[in-house]
Participant: 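Just passing along the structure, written as C-alpha cells.
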Amino acid sequence: MEYALSNKSLGKKNAFKFFLIAIFVGIALISIFLSCYNGTFKIPIWHMLSGNLSENEKYIFVNIRLLKALTAVVAGGGLALSGAIMQNVLKNPMASPFTLGISQAAAFGASFSIIFLNPESSSIYTGYLGAKYFSLTIISSFISALISSAFVFFVAYIKNGEPQTVILSGIACGAFFQSMTMFIQYFTDEIKASATLFWTFGDISKTSYSSLLAITFFFIPITAYFLFSALKLNALLWGREIAFSLGVKAKKMAIISIFLVSALSAAITSILGVIGFVGLIAPHLAKMTVGHDNRYFIPLSIVFGAIVLNFSDILSRVILAPAIVPVGIITSMWGVIVLIYLLIKKEQ
Amino acid sequence: MIKIKNLTFKYGKRKILDRIDCDFGNGVLTGIMGPNGSGKTTLVKNMAGILKPQEGVIEIKNKNLNNYALRDFSRISAYVPQKIFNLPSLTVYESVLFGRIPFMTYMEKDIDKKITSDLIREMGLSDISFKNINEISGGELQKTIIAQAISKEPEILFLDEPLNNLDIKNQHNIMKLLHEMTLKRKITIIAVLHDLNMALKFCDKIIFLKNGSICFSGKTNELNSSIINSVFSIECEILKKGEKAYALY
C-alpha cells in the first residue's frame, strides 16, 4: 500500500492520463484523414500526404472534405465542451445544450427567418437557402438562441445558480420555443415548412470557411478559459459550500460558465442546425476514461466530441452512398444506443 | 481566534440568530448544540463566511471577516457541510488532494502529494485511496471529506454534524481524531453536534443555542442537568466518573 501512495506511482497515474489524451488526439487526427478520404469520390491518402493532388482532388479536398473535417472537429469539440461544463456546473449528467433549450431556440430562430424574412418560397425550394438568406437565418437563429441563453442566465442569476431550477427553466424554455416553431410552421406554406424542417437536421454540409471561422472565434477563447479554470471547476464539483471553502465563488463561476457555453453552443447550432447527443455522450465517455478531474476531463471531452462528430460525419457519407444523410440523424441514432448502454453498464 | 459580537442573521423577516456574542480560543474543540432549528448551522455558516450576517461583527485572528480576501480566508479555514449531493466521480486520493486547491496553481506539486498521502495514511484510508468515492461506505466518505478539509492544514475547521450517518465506532473515531488534531496541530475546531455524550467526552467547550440565542457557553465540565433540561425540555442527569462525565436521558 505504501507503494500505491508513493509520489512515483501517483506521477505515473497522471502521466497515464496525459498518455490517454495523446492517444485520442491521435485518433482525432486519423479521423480528419479518413474524413478527407471518404465519400463518393475517394482521395487517396498518399496524395493528401504528399500534396500531389489533381485539380479535382484539390478542389474537393480544400473546399469540401477538409472544411467539413475541421468543422466537425471544432463543432464536435465545442458541443462536447458545452455539455461537459453544463454537466459539471449544474451537477446533472443529463445537462446539454438541448436540456437548456438552446437547440430548440436556435431552431425557432431559423424557422422564423425562413418563414418571415425570406421573400420567396422558390429560393428555398430544395431546402437550401440562398447565401444572403442563409446568413440571415444564421443571425436570426443565433439571436434566438442567445435570448434563450439570456433567459436561463437570468434564472441562474436570480436563483444563485441553483442547478435544478436552471435545468427546469431550460426545459421550460425549450418547450416554449418548440411550440412556437410548430405554431409558425402550422400557418406557413408547405415549402417553407419543409425548409424549416430541413434546417433542424444538423448537417455539417452547411459549413463554409467563414462559418468555421465564426465557430472557431467562440471555441478557442472559451476553451482556453475553461482549461485555465479547471481547478476552480474541480472545487465546484463539491457544491457551493465546499467550493467557497476552497476559495471559489460558486455562483459567479456557475453564471459565467453557463453564459459562455450557451454562447458557444448557440453559435454552433445556429450555423449547423441541431446536432444532438454529442454534448451528452462525449463527456460521459471522457468521465469513464479519466474520471471527473477537470484538468483531464475537459480536454478529453473536447477530443471525444471531435472524434464522435467526425466519425458520424464519415458514416453519414458512406451509409447510404451516394446519398448523404444529415449528421444530426446519425449522432442521435447511435448516441441513444451508446447512452442506454452506458446507463445499463453503470447500473450493473 | 474567533470573536463574535452582536451577530444577527435573518432569512427574509425571520430572525435565525439574535445578537450572538461569543468567542472561540486557539486549539479548542467546541461543540455547538441545541434543538432543531435553533440556528446552529446558520451560526457556523456565518463564521465560515458562507452566509453574511445583517448585523454584528465576526473577527478572525483579530481581523474582520469581511476584510479577508476569499483566497486568503480559504487558506486558513475549512468547512465540512452536513451532506454533499451528487458526489463527483473521483477517487479518495483525488478528493483529498482537491482540498489543496487554494495552494495549487494548476498541477499538484510534490508537497501537495506528500500532504495528501500522509493524511490518507493517518486517517486509515490507504486501502481505499484509489477507490471511487461513490463506492465507499458512509464512514469512509465522511473521513475522506474531513481529510479533504484538513489537507490544506487550516487553522480553523468548521464541521456541520460530522457524525451524521456514522455507526458508534466511526463516530468515536472521528471525534477522537478531531480531539487529537486540536492537541497535535493546534487547530481550532467548531463542530455542530447532536450527541451529548460525544460532546462531553471529546469537546473542551460547549455552546447551547435555543431560538437563535446562546443559553450556555462554557467548559464541558461546567455543564449541569438543569441547563440541559431548560434547552431540550427533557429530564437529564449528568453522571461523573473520575474526570469523565456522562449524560443520562
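Quantities reported herein were computed from a predicted structural model and do not represent experimental measurements. The sequence lines fix the lettering, A, B, ..., with proteins before strands; numbering per chain opens at 1.
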Participant: Please say whether more than 12 non-hydrogen atoms of neighbouring residues, nucleotides or ligands are located less than 6.0 Å from CZ in F259(A).
Facilitator: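 Atom CZ in F259(A) is not crowded, with 12 or fewer foreign heavy atoms closer than 6.0 Å.
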Participant: Quick check on the interface: out of M107(B), K45(B), E94(B), who has the most heavy-atom pairs with chain A under 4.5 Å?
Facilitator: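 The answer is M107(B).
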Participant: Side chain, backbone, both or neither: which part of A78(B) has an atom under 4.5 Å from a heavy atom of chain A?
Facilitator: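 A78(B) touches chain A through backbone and side-chain heavy atoms alike.
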Participant: Can you measure from CD1 (I242(A)) to CD1 (I145(B)) and round to the nearest 0.5 angstrom?
Facilitator: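 Here the rounded value is 5.0 Å.
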Participant: Calculate, to the nearest 0.5 Å, the distance between atoms OG and CZ belonging to S77(B) and F244(A) respectively.
Facilitator: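 Here the interatomic distance stands at 8.0 Å.
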Participant: For the interface with chain A, which of A48(B), G49(B), P154(B) has the highest count of heavy-atom pairs at distances below 4.5 Å?
Facilitator: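 Heavy-atom pairs under 4.5 Å are most numerous for G49(B).
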Participant: Quick one: of R71(B), R75(B), M104(B), Q148(B), who has the most non-hydrogen atom pairs under 4.5 Å with chain A?
Facilitator: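 The option with the most such pairs is Q148(B).
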Participant: Surrounding CG of N62(B) (heavy atoms of other residues, nucleotides or ligands, distance under 6.0 Å), is the total greater than 12?
Facilitator: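 Open: at most 12 neighbouring heavy atoms sit under 6.0 Å from CG of N62(B).
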Participant: Output the distance between atom CD1 (I50(B)) and atom CZ (R240(A)), rounded to the nearest 0.5 Å.
Facilitator: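 Output value for this atom pair is 9.5 Å.
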Participant: Can you confirm whether K63(B) is buried at NZ, in the sense that more than 12 heavy atoms of other residues, nucleotides or ligands lie under 6.0 Å from that atom?
Facilitator: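 Check passes, neighbour count above 12.
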Participant: Where do L90(B) and W238(A) land on the side-chain contact (heavy atoms from CB on, under 4.5 Å) test, with the steps shown first?
Facilitator: CA-CA 11 Å; L90(B) 295 169; W238(A) 295 91; 3.8 Å; yes
Participant: Non-hydrogen atoms of chain B under 4.5 Å away: do they reach the side chain of F228(A), the backbone, both or neither?
Facilitator: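 Looking at F228(A), just its backbone touches chain B.
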Participant: Name the region of K232(A), side chain, backbone, both or neither, that has any atom closer than 4.5 Å to a heavy atom of chain B.
Facilitator: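 For K232(A), neither part sits under 4.5 Å from chain B.
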Participant: Taking all non-hydrogen atoms of both residues, which atom of S245(A) and which atom of S74(B) are closest, and how far apart?
Facilitator: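 For S245(A) versus S74(B), the nearest heavy atoms are O-CB, 3.2 Å.
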Participant: Please report the shortest heavy-atom distance between Y106(B) and R295(A), naming the atom on each side.
Facilitator: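 The answer is O-NH1, 3.0 Å.
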Participant: Are more than 12 heavy atoms from other residues, nucleotides or ligands located less than 6.0 Å from atom CZ of F19(A)?
Facilitator: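 Incorrect, the count does not exceed 12.
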Participant: With a 4.5 Å cut-off on heavy-atom pairs, point out which of L246(A), D293(A), V248(A) contacts chain B the most.
Facilitator: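 If we count pairs closer than 4.5 Å to chain B, L246(A) comes out on top.
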Participant: Is the number of heavy atoms from other residues, nucleotides or ligands within 6.0 Å of NZ (K52(B)) greater than 12?
Facilitator: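 Yes, the 6.0 Å shell around NZ holds more than 12 heavy atoms from other groups.
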Participant: State the NE2-OG1 distance between H292(A) and T91(B), to the nearest 0.5 angstrom.
Facilitator: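 Reported value, rounded in 0.5 Å steps: 13.0 Å.
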Participant: Carefully, step by step, assess M288(A) and S89(B) under the rule side-chain contact (heavy atoms from CB on, under 4.5 Å).
Facilitator: CA-CA 9 Å; M288(A) 285 173 74; S89(B) 179; over 6 Å; no
Participant: Which residue out of A149(B), A69(B), S95(B) racks up the most heavy-atom pairs below 4.5 Å with chain A?
Facilitator: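 Top option by heavy-atom pairs under 4.5 Å: S95(B).
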Participant: Please classify the contact of I133(B) with chain A as side chain, backbone, both or neither, using a heavy-atom distance under 4.5 Å.
Facilitator: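 The answer is the side chain of I133(B).
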